[in-house]
Amino acid sequence: MIQNERHAPEAFPQHPDVTEAIVLERRLHDPSVRLSGPRAEALFDPDFIEVGASGRRWTRAEMVAALPTLHGGAGNSTPITAERFEGAILAPGIVHLTYETRIGDRHARRSSIWRRDAAGEFRLYYHQATPVPDETSTCPT
């Protein structure tokens, strides 16, 4: 079901796992979490992999170490604006989220897979960011 800034959550009932994954995804954008290694690490699956907007592949340890230096981390860095969340249940305990972010003048489409661990907690298993070109650039389809 759809969950984004343009629609009230009550207008589109959604699976509680989707709601939980959105809350956790937003938590990863919180500077206080990004600056706290243990708080951030608790949200990542041990097998976490990210393919960033730059094309770089990140492991869990690399991402946790880098978060304080990335956008949305330090108090003087550019905040992350996230919107247009959509979620789908892929299987019991596995949620796929898509959404868009703006960090300054950078716009990206994002995809995350959250899965429940043995303790029943959702952890971010996979994340990918794809840059969205500005309206003035031309890109073949």
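Worth knowing before you read on, the calculation uses all heavy atoms, side chains too, and leaves out hydrogens, waters and symmetry mates. Bear in mind that the values here come from a model prediction, so they are computed numbers and not experimental data.
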Would you say [Y] ends up clustered with [X] if hydrophobic residues are merged whenever their side chains have heavy atoms under 4.5 Å apart, either directly or through other cluster members?
X	Y	result
Ile80	Leu70	no
Ile49	Phe44	no
Tyr126	Leu90	yes

Any side-chain heavy-atom pair from [X] and [Y] closer than 4.5 angstrom?
X	Y	answer
Ile89	Val95	yes
Met63	His127	no
Leu43	Arg27	yes
Glu25	Trp114	yes
Leu24	Glu20	yes
Thr98	Arg109	no

[atom1]/[X] to [atom2]/[Y] distance, rounded to the nearest 0.5 angstrom?
X	Y	atom1	atom2	value
Arg123	Glu41	CZ	CD	10.0 Å
Leu97	Asp17	CG	CG	10.5 Å
Tyr125	Phe48	OH	CZ	11.0 Å
Thr101	His29	OG1	NE2	6.5 Å
Ser111	Glu86	OG	CD	11.5 Å
Asp47	Thr59	CG	OG1	11.0 Å

How close do [X] and [Y] get, heavy atom to heavy atom, and via which atoms?
X	Y	answer
Ala66	Trp58	CB-CZ3, 3.4 Å
Val33	Ala40	O-CB, 3.6 Å
Val64	Pro68	O-CD, 3.6 Å
Ala53	Pro131	O-CG, 3.5 Å
Tyr99	Ser112	CE2-OG, 4.2 Å

Could you tell me whether a side-chain N or O of Arg34 sits under 3.5 Å from a main-chain N or O of Leu28, the two making a donor and an acceptor? yes
Please test Arg26 against Asp30 for side chain to side chain contact (heavy atoms under 4.5 Å, CB included), starting from the C-alpha separation and ending with a verdict. CA-CA 7 Å; Arg26 286 187 176 281; Asp30 181 333; over 6 Å; no
Checking side chain to side chain donor-acceptor pair (under 3.5 Å) against Asp45, which of Arg115, Arg60, Arg116 comes through? Arg115
